[in-house]
Amino acid sequence: MRRDTSTLVKAAFATVLGILSVPHTASAQLDQPFPAYNPYPPLPGSVPPTVLPPDLQSEVLRVRREVQTVFGRYFAEWQALTPPTLTGQPPTLFPTGYDAVRILGGLLNFDENMSPFQNQACSFCHMPYAGFSGPIPSVNLTMVAYPGTFRYRAAKRTAQRYTYSPYFPQLQFNQGQNLFFGGNFWDGRATGYKLQSADAEQAQHPPVDPLEMGFADTACIAFRLTSASYRQLFELVWGVDFDIRWPANTAEICGIPQGARRFAGSPTPIALSPTDRTKANNIYDHWGQSISFLEHTTDVSPFTSKFDAFLVGNYTMTADEMAGYNLFNGKGNCNSCHVDGRSTLLTPGQIDTGNTVGGQPIFTCFGYANEGLPLNPRLPLFYESRPDRFGFTPNPDGLRYRDLGFGNFLRSGPQSGTDPNAANWLQLAPETDGQFQVVTTRNVAMTPPQCPTTEAGQVDANGKPIPYFQKEFFHNGYIKSLKQLVHFYNTRDVGTFEFNVTSGHCPPGTTERVNCWPMKEVPQNLDMTTGMLGLTDQEENQIVAFLQTLADGFDPNNPTVSNYKNIDTFTGQCTITAPGVTASTQGNETLTPTWSLTQFPCATDICGVAPLPSMTIP
Amino acid sequence: MKRLLVKLAITAAAGGLLFSNPVVAQIPPPQKRAEHVEITKAPELESAHDDTAIIRWTTTNPRGDDEHYGIVRYGTDPEDLSQTAKNPIRLNRGHAETIFRVRMLDLKPQTTYYYKVTSVGSSGASDGVESAVNQFTTPAPGERIVNYRADSSLPPAYRTGTPQPR
């Protein structure tokens, strides 16, 4: 009892400390000690007429409070944990080793100290109630990419969902099929080649990405962990040696964001001895492994969707959900790439003998595809072409930037990672230009309980409007609802819908994302599995209904309340559908005209690097 | 010394915990290639603009590699189909038939093109099918040909192949 009381007090104290560190002002005070980086031009005539949404800072602070709430919960879990002890050979943490690593992963993932200004945890861009994707509706609606520790450097693409990411194998080129499989990130740049876990290596990128958490040196993670309140747990799990001789300027270096001129491009500005560098690297590896373990647990990837319950007979799909499921596997052809491991049933009464290892389909083929999304001119990256106060220019290519995705990674191009197998893979870049990871469809529809849908224009049984949670879809967030997503797959290639224009320039009499699809950002290697499916409007809606059955947290014994861990932490506002808006036109008010691509052609450090793209990128 | 041993033991335990956990899903091997593949719906023009066209055809499911390429060999002379367009599609293991669709780019307006189609697995193995030579004519600039409808709400004129304002 004394222990329990002590635990509660500690947890409450940790939570209060966290909350106190965030300014609670109506004016949404900037949470860094100097003015924001704001190279963003006005967008006259657009809504809003700026790249940054007006409520950005207040929303940043809101999410920070939620992050601290979850951190407090993991801290309390740790305090309540029966400490495991080393037992047996090989020595194993018994009997709570799994929980120890899971909780450690949670603490690391929600720890704001893991950024130069101690204002950004990994989870800032990945909150549970959004299926561990972007938590700010106005960002999802407009700027798409999330601001980093240095407000407002902004990232490159949508925040990809964590859920089921550990199930992706390390990036591999299957020579038999001449195809890539595995990896993490939209462009596959977390390969898993060293840790043999693409997901663990994914967790190692944002802390040193200048547009995200932004440490100047990976050793800053070890440095900050030396003073973490849960250091003891890290030592218990990993047995690491924190006895590192830190140079006197370490705290200063770890308080300056990546890319600062004073680092002169050095990837390791903290001057450690070789021995200490090895220790810091080991700690950084264990950072990634701990977070990956968390993402593999039921805290993140629990296989508790309605669909999972359906597979074992604990849920009966509605007529629309079932029709959507059959379309997903049949006319919609969705499961060609979002593999569900089930058979396609062509005859009534036929028994489904399909299966997957463990019986739990991941709804992805682990591959890459170019779906032909248009360039999204709302992405902040295009405008981050001026140096910030640290002398760092996020995107020197400016409006000439083009996102070639996987092909750009194979060339170790701008805004990507370094290809660790360039000696063999570089030659394959032209065949993969424009490709992005085929993500799992699981949790694509997950929302906070108080905003139970991603779709505008929905009403309940009494005709009352249902508030929605604005999400964003695909790598560049061009699509704003699941209805639009399915409609895109259905009609991308319809001759009357296809226009040789850029986003924001659809002809009069057409509606973008409804019956006008602008030109593709990368035209080559276009996947033609879909694009002309012939689905009716109702069939599109039925596929959306099926996608909604893939959200985790369904409890057959209490079907109206999600039991997904920490889904209750959303404290923001749902969106109320504006008059005349439907899921088909959701977000269209924020479309903004794209600049002339002819005037700003693809930059030479992207499109001019051998082996060259197979055709001209507009 | 004792502290060092404890650290080594914990490190070993942690390593064991990590590597005993099979976190990744297995990628199933490709299906066995179909012994015989045939075209069940002949290639035809799906749509065309003055500078692009989409050709589609259906075959029995060739199986084999998960990804296949539809290939169109074409030219303005039926005796010289020296140009090639190809696009990837992902096979559906559960479907009896496979629809191939290929997008041809950089065409000339109001020009008759001759073409034939084939398909290969991503490893390069041919499916062993090849169509007869067909033809189509691209529309004038600003017009388009649409042979497939998006949904039944479209006006009938959009389903007929009649050139439409672009």
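Note that the structure is predicted; figures quoted are calculated from it, not measured. Here is how names work: the chains are called A, B, and so on, in the same order as the sequence lines, proteins then strands, and each is numbered from 1.
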Kindly check if A:Cys506 and A:Cys516 bring their SG atoms closer than 2.5 angstrom. yes
Taking side chain as everything from C-beta outward and backbone as N, CA, C, O, which of these in [X] sits under 4.5 Å from a heavy atom of chain B? Side chain, backbone, both or neither.
X        : result
A:Asp199 : neither
A:Asp527 : both
A:Leu179 : side chain

Checking an interface table here. Which of residues 74-82 of chain B come within a heavy-atom distance under 4.5 Å of chain A? none
Taking heavy atoms only and a threshold strictly under 4.5 Å, list by residue number the residues of residues 120-128 of chain B that touch chain A; give 'none' if the list is empty.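 When heavy atoms of chain A are the reference, residues 120-128 of chain B contributes B:Ser122, B:Ser123 within the under-4.5 Å range.
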How about A:Phe293 and A:Tyr98: are their ring centroids closer than 6.0 Å?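 Between A:Phe293 and A:Tyr98, the centre distance is under 6.0 Å.
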Does A:Phe406 have its ring centroid less than 6.0 Å away from the ring centroid of A:Tyr368?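 They qualify: ring centres under 6.0 Å apart.
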Verify whether one side chain among [X] and [Y] offers a donor that lies under 3.5 Å from an acceptor in the other.
X        : Y        : value
A:Asn333 : A:Thr530 : no
B:Thr137 : B:Thr112 : yes
B:Glu97  : B:Thr40  : yes

Should the pair B:Arg103-B:Glu46 be classified as a salt bridge under the 4.0 Å nitrogen-to-oxygen rule?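 Looking at B:Arg103 and B:Glu46, the cut-off is not met.
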Hey, mind stepping through A:Phe363 and A:Tyr164 against ring pair (Phe, Tyr, Trp, His ring centres under 6.0 Å) and telling me if it holds? CA-CA 10 Å; A:Phe363 285 89; A:Tyr164 304 95; 9.3 Å; no
Could you check A:Phe497 against A:Trp517 for ring pair (Phe, Tyr, Trp, His ring centres under 6.0 Å), going step by step and ending with a plain yes or no? CA-CA 6 Å; A:Phe497 291 6; A:Trp517 294 115; 7.9 Å; no
If I measure from the heavy atoms of chain A, does B:Ile99 come under 4.5 Å with its side chain, its backbone, both, or neither? neither
Check for a donor-acceptor pair, side chain of A:Asn370 on one end and backbone N or O of A:Gln524 on the other, with a separation under 3.5 Å. yes
Are the side chains of A:Leu86 and A:Phe94 in contact, using a 4.5 Å heavy-atom criterion? no
